Amino acid sequence: MFDTSQMIPDGLVWLLLACSITGLFINNTRYWPFFLAIALSLAFWLERLTPVAAIFSLIGLGIAAFSKNLAGKWLALAHFGVILWGTALALHLVPGFGNLLILDKVVSGPDSIPFTMYLNLDKPLIIFGLFLLVPGMLGQHREISLSKVAVLAGLFVLTPTLAALLMLVRPEFSFPEWIWVFAFNNLLLTCVAEETLFRGYVQNLLTQRFNHWIGISVASMLFGLAHFAGGPLFILVAGFAGALYGLTYHWTGRLSMAVGVHFGFNLFHLVFFTYPLGK
């Protein structure tokens with residue numbers, strides 16, 4: 001059984017972090033730093049954040065914020081530093097972050113493999129660092145034609161079909177009691193962080209430097225490789241999913257739309273297929 005008592009009072013840290021992320025997308029300058037500062041302060045008070053982790057977090061965010069005053073090689077060095085900082089956070093290499101264990105070896109259905117989930121405090125900080133480096137990543141709305149919507153819908157259906165044909169997953173309907181906390185974590189922490197990195201940062205900068213096809217292709221391949229733990233076939237399927245999210249970002253002009261499609265795909269996977277893989 002899923003015990004909600006484990007989220008009190010520590011869960012308030014992630015609620016405030018979610019408010020900060022939501023504020024960034026709603027109004028990208030006014031509110032999110034306030035909520036982020038409170039979230040990190042509360043995490044420190046609850047001993048979910050040590051002084052070492054707090055200093056490391058502030059250094060990366062500080063470099064990213066200061067980058068707007070830089071140009072040339074100094075700007076490139078700032079980008080390199082923030083990417084290294086974000087990589088260390090994503091791989092949980094920095095000590096002192098008390099990520100909250102929420103689900104421990106649960107199964108969504110009888111044919112699914114055990115699944116463990118944390119509410120991470122380190123990985124979501126990448127969102128703010130990359131946004132400070134590339135403030136325009138949230139994009140501007142573009143009208144999308146019905147033919148492009150049809151392509152996106154086709155990719156949405158093709159990707160899980162491919163995963164099933166490769167026997168990575170099998171059809172299985174499930175609606176576990178913990179689906180709401182999965183949705184909270186997956187939407188606001190996982191999907192936003194991944195889309196910020198691969199679409200908002202990588203695809204965005206490569207598109208500006210070369211063209212959108214190179215941007216989408218490279219970002220999709222890197223997104224696939226980031227799922228190497230699932231094996232070569234999982235990398236392939238994740239690459240197809242990355243193309244879906246990349247095209248969504250390019251055609252709609254909004255990072256929030258890529259996040260929404262990414263989350264919708266993950267939720268569809270959980271409800272209608274073995275999650276995260278079949279036995």
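Side chains included, hydrogens not; waters and symmetry mates left out as well; all remaining heavy atoms used. Predicted model only: the values in this text are computed from it and were never measured.
For Phe263, the CZ atom sits in a packed shell: over 12 heavy atoms of surrounding residues, nucleotides or ligands are nearer than 6.0 Å. The number of heavy-atom neighbours closer than 6.0 Å to CE of Met137, taken from other residues, nucleotides and ligands shown, is above 12. Residue Phe156 places its CZ atom among more than 12 non-hydrogen atoms of other residues, nucleotides or ligands, all under 6.0 Å distant. Around atom CG of Leu93, more than 12 heavy atoms belonging to other residues, nucleotides or ligands sit under 6.0 Å away.
Atom CG of residue Leu255 and atom CD of residue Gln140 lie 13.5 Å apart, to the nearest 0.5 angstrom. Taken to the nearest 0.5 Å, the CZ atom of Arg199 stands 11.0 Å off from the OG1 atom of Thr207. Atom CZ of Phe240 is separated from atom OG of Ser220 by 10.0 Å, given to the nearest 0.5 angstrom.
Remark: Lys123 engages Glu194 in a salt bridge, criterion side-chain N to carboxylate O under 4.0 Å.
Arg48 and Leu121 get closest at one heavy-atom pair: O-CD2, 3.8 Å. The heavy-atom pair separating Pro160 from Phe265 by the smallest distance is CD-CE1, 3.4 Å.
The aromatic rings of Phe268 and Phe272 sit tilted, their planes meeting at an angle between 30° and 60°. Using cut-offs of 30° and 60° on the angle between ring planes, the pair His262 and Tyr245 is parallel.
Hydrophobic cluster membership for Leu165: none, as no Ile, Leu, Val, Met, Phe, Trp or Tyr side chain comes under 4.5 Å of it.
The distance between the ring centers of Phe182 and Tyr275 falls below 6.0 angstrom.
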